[in-house]
Structure formats: C-alpha cells, structure tokens
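Contents: one structure, followed by commentary.
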Amino acid sequence: MSEPDWRIRSGGLADRGLLSSFDCANPAVEFEVEVERFIRTQLIDWASAPGAAGDDPRLLLALVRATGELFGVAAHERVIFQGSDGNQFNATKLEVAAIARAWQGCCFRTGERTSDVLMSAVMADVSARVPPRDSRVFGIVHKDNQRSIALCRRYGLMEEMSSPDLNYLRLVTAHRSPFRDHN
Amino acid sequence: MAGQMTLFSSLNVESARLARLGNSAEAARVACAAEELEAGPEFAELRHIMSYLSGYDAQQVVDGVMPEDAPAELAEALKAVARRTEQWRTSELTLTTLAEVITGRIAEVHKGYVVLVRVGGPATMVPRWMAVAAQRDTVGSLLALVMDKLDDGRAVVEAVPAIDVDDHTGTGRFSPFGRGDPRILSITEADELLLAGEPQPLRILVPVLIEE
C-alpha cells in the first residue's frame with residue numbers, strides 16, 4: 001500500500017520557526033486572526049510549559065509528505081471540568097485546529113479532505129494516549145465561525161454546553177444519557 | 001444553463017403574501033423593493049461568493065445550513081443581505097403587521113419538541129419536526145417562526161432558519177486559549193447532566209499514523 005500524501009508528527013520547541021509564519025487567517029476576520037496569532041506566537045510555549053506537563057499537552061503538525069509544507073496545526077490536552085458542587089469530569093480540550101489558507105477546502109489526490117486528515121489525527125491521538133484520555137472532547141469556537149462549528153459537529157462535538165462568553169460556543173462530544181430510554 | 005441557481009430576496013415572499021390577501025398595490029411595491037435589493041451591492045457580493053459553491057452546497061445555504069468548507073465571507077455576506085432586508089422590512093408598517101415573527105435560540109431539545117428562547121424574552125415550545133424541517137433542531141440554533149394570521153382563531157406558522165445579524169464587535173477580554181481562565185472549565189448543573197452519560201466513541205474518518 002502506498003504512503004498517503006500527508007504525514008502527521010508531534011511538534012516541539014524546534015518547530016517555533018515553522019509555526020511563526022503559519023498562515024490560516026483572513027485578515028478581515030477577527031476570530032480567524034485570533035487563532036493565527038495564537039499559533040504563531042503562543043502555541044509552542046503552550047505545548048512546552050513546564051507546569052502543564054501533567055496535562056499531557058500535545059501539538060500535532062500536518063505536513064505535505066512530498067514537500068514538507070505545513071498544511072495543518074492542532075493541539076489538545078487533558079483537563080478537568082469543575083462543577084459548582086465540586087463534581088469533576090475528565091475531558092480533553094481541543095485547544096486549536098487550523099488549516100493553512102492555501103489548503104482550506106482542499107482534498108488530497110486520494111480524496112481525503114485536509115480538514116478530515118487533521119481532525120482524524122486529533123481524535124486518533126486522543127484515543128492513543130497513555131494513560132488513556134477520557135473520550136470526552138470539547139472545543140471552544142467563535143459563534144460566527146461556521147466552518148469550524150460544522151467541522152466540530154462532523155467529528156461528534158454535537159452538544160452545546162453553557163457558553164464561557166457571549167461570542168463563543170463550547171461544543172462537546174455526544175454522550176449517552178444515563179436518564180435516556182434505551183428501548 | 002443546467003444546474004444554475006437564481007437567488008431572490010425573501011421580500012418576494014412578502015409580496016406574494018400581500019397579493020394573496022388581495023393587496024395588489026402593496027404587493028407590487030414590495031416586489032419592486034425586492035428587485036432593488038437584488039440589484040444592490042449586498043446581493044452582488046452574495047451571488048459572487050455563492051457562484052464558487054457546488055450546486056449542493058449552494059442549496060444547503062439556501063436551506064439555512066452553512067457548508068463546512070464555505071468561505072468565511074459567506075456568513076458576512078448573508079448577514080449583510082439579512083440586515084439590509086430587515087432594515088427595509090421594519091420600516092414598512094404593512095409588512096410588520098402582516099405576519100408576526102418570533103425569533104430565538106433553541107435552548108432545549110426534547111423528543112417531541114424544542115424550547116425556543118427569545119432574546120431577553122420568554123420561551124416557547126415548538127414541535128420538533130418543525131425545527132427539523134428548518135434544519136435548526138440542535139441546542140444553540142437560531143430559529144424563526146413566521147405566523148400568518150388567517151382569522152382570530154387560526155394562523156399558519158412557518159418555521160424558518162434564522163441567522164444572527166448583530167454586530168458584536170466588542171469581543172471583551174475572553175480568550176478561548178486562556179489556560180487559567182475558570183470560565184473555560186467551570187460548568188453548570190445542566191452541563192453536569194449532559195456530561196453524566198457515557199461518552200460516545202470518538203470519530204476517526206481517515207486512518208492516520210502519528211510520528212513522534
């Protein structure tokens with residue numbers, strides 16, 4: 001079987017330069033600029049922060065196999081939701097997922113969308129973590145970012161939790177309710 | 001040309017409604033306003049952006065669903081057209097009294113109904129099949145109910161997809177990347193109920209190998 005047109009690898013401190021020029025935003029769209037700015041200037045520090053090691057932060061880079069071009073960036077880490085009465089729920093926060101502008105809406109020769117390759121890499125990575133991550137994944141998405149909302153839903157982030165801010169949605173993977181009828 | 005799509009202003013629906021009620025003069029005036037809107041810059045921009053979409057995606061947009069690969073400019077263009085249409089519509093007493101419109105966000109989804117909460121207002125229950133038909137049957141979706149009064153005891157209610165046209169330019173201090181921001185990880189009782197179930201298996205649509 002031939003190798004795919006892409007490769008996914010974990011990122012680290014040596015990738016600071018690579019990320020510093022990552023171009024994923026339309027300059028006229030503020031919520032896209034916010035994501036690009038985070039990836040360019042903060043993501044490496046986020047992934048390598050000594051105090052966060054226990055949260056198992058993961059940085060994933062999606063590259064074109066033939067050229068080494070960076071077409072996608074994603075990151076996730078372990079978190080714990082805190083309820084008002086002290087209840088806790090383990091989860092994985094999808095910190096960021098972005099496709100380079102030149103590759104947005106594109107497919108590889110074999111038909112896979114660039115966004116599917118990146119999101120599948122995130123989900124595969126979450127599934128493979130040792131010790132195991134909770135398979136409860138959530139992301140925070142700007143309410144006007146329809147493309148990301150659609151992509152999240154495609155990957156099972158169907159449920160909307162309470163909003164952390166008026167302009168953002170908190171989407172989480174679906175759960176089988178313990179109160180739901182199983183007939 | 002086969003597969004070609006023509007976009008019309010929703011004011012044409014209002015015009016048809018007026019004509020149905022026998023108000024032909026007003027119907028003609030609203031139809032003219034629709035033509036003006038369709039010839040305006042907002043419609044031109046929307047047409048331009050949609051011309052790059054596939055026929056399927058374009059139909060999705062018309063049905064109120066944003067394709068996941070749609071350009072970000074599409075949402076802005078839709079809002080611009082909606083704002084322009086609403087400006088004209090609300091300035092016309094004939095139209096505002098013609099049909100009552102209730103717009104809100106879906107707050108709860110139940111087996112047979114959804115709960116629609118108006119911004120700063122009361123909630124109302126809507127049959128779930130109506131929300132499904134409008135492709136707005138998930139929590140957070142924006143839905144509008146257009147109520148056409150037939151007489152004092154009867155009305156026709158149409159559920160249509162809605163979009164948020166507000167200009168929330170002030171984004172505040174919140175950052176989705178704030179690791180120490182308690183708003184990101186604090187949850188409500190409703191969230192706890194949601195999270196209490198067993199998480200569904202993660203979706204992996206493309207087999208991927210990750211190199212360390």
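We name chains A, B, ... by the order of the sequence lines, and we start the count at 1 in each one.
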Partner chain A: residue of B/T188, B/V65, B/V109 with the largest heavy-atom pair count (under 4.5 Å): B/T188
With a sphere of 6.0 Å drawn around [atom1] of [X], does it hold more than 12 non-hydrogen atoms of other residues, nucleotides or ligands?
{"X": "B/L7", "atom1": "CG", "result": "yes"}
{"X": "B/R20", "atom1": "CZ", "result": "yes"}
{"X": "B/E189", "atom1": "CD", "result": "no"}
{"X": "B/R84", "atom1": "CZ", "result": "no"}

Of the non-hydrogen atoms in [X] and [Y], which two are nearest, and what is the gap between them?
{"X": "A/M161", "Y": "B/I187", "answer": "CE-CG2, 3.5 Å"}
{"X": "B/I184", "Y": "A/K93", "answer": "CD1-NZ, 3.9 Å"}
{"X": "A/R136", "Y": "B/P199", "answer": "NH2-CG, 4.0 Å"}

Reported NE2-to-CG distance for the pair A/H175 and B/L194, which is rounded to 0.5 angstrom: 6.5 Å
To the closest 0.5 Å, what do you measure between CZ (A/R170) and CG (B/L185)? 7.5 Å
Could you tell me which of [options] has the largest number of non-hydrogen atom pairs under 4.5 Å with chain B?
{"options": "A/E95, A/E32, A/Q146, A/Q104", "answer": "A/E95"}
{"options": "A/V126, A/N87, A/T173", "answer": "A/N87"}
{"options": "A/L151, A/V122, A/D125", "answer": "A/D125"}
{"options": "A/G83, A/S162, A/A150, A/G105", "answer": "A/S162"}
{"options": "A/R153, A/M119, A/M158", "answer": "A/R153"}

Using a heavy-atom cutoff of under 4.5 Å, enumerate the residues of residues 129-144 of chain B that contact chain A, numbered in order, or state 'none'. B/T138, B/V139, B/G140
Residues 204-212 of chain B: residues contacting chain A (heavy atom under 4.5 Å, by number): B/I204, B/L205, B/V206, B/P207, B/V208, B/L209, B/I210, B/E211, B/E212
Checking [X] against chain B: side chain, backbone, both or neither under 4.5 Å from a heavy atom?
{"X": "A/Q42", "value": "neither"}
{"X": "A/E112", "value": "side chain"}
{"X": "A/W6", "value": "side chain"}
{"X": "A/F89", "value": "side chain"}
{"X": "A/L60", "value": "side chain"}
{"X": "A/R58", "value": "side chain"}

By residue number, those in residues 68-78 of chain A with heavy atoms under 4.5 Å from heavy atoms of chain B are A/E77
For chain B, find its close neighbours in residues 10-29 of chain A: heavy-atom separation under 4.5 Å, sorted by number, or none. A/S10, A/N26, A/V29
Does the side chain of [Y] come within less than 4.5 Å of [X]'s, by heavy atoms?
{"X": "A/D144", "Y": "B/K79", "value": "yes"}
{"X": "B/P176", "Y": "A/H142", "value": "no"}
{"X": "B/E192", "Y": "A/F81", "value": "no"}
{"X": "A/I39", "Y": "B/F177", "value": "no"}

Examine whether an atom of B/P201 lies under 4.5 Å from a heavy atom of chain A, and if so say whether it belongs to the side chain, the backbone or both; otherwise answer neither. neither
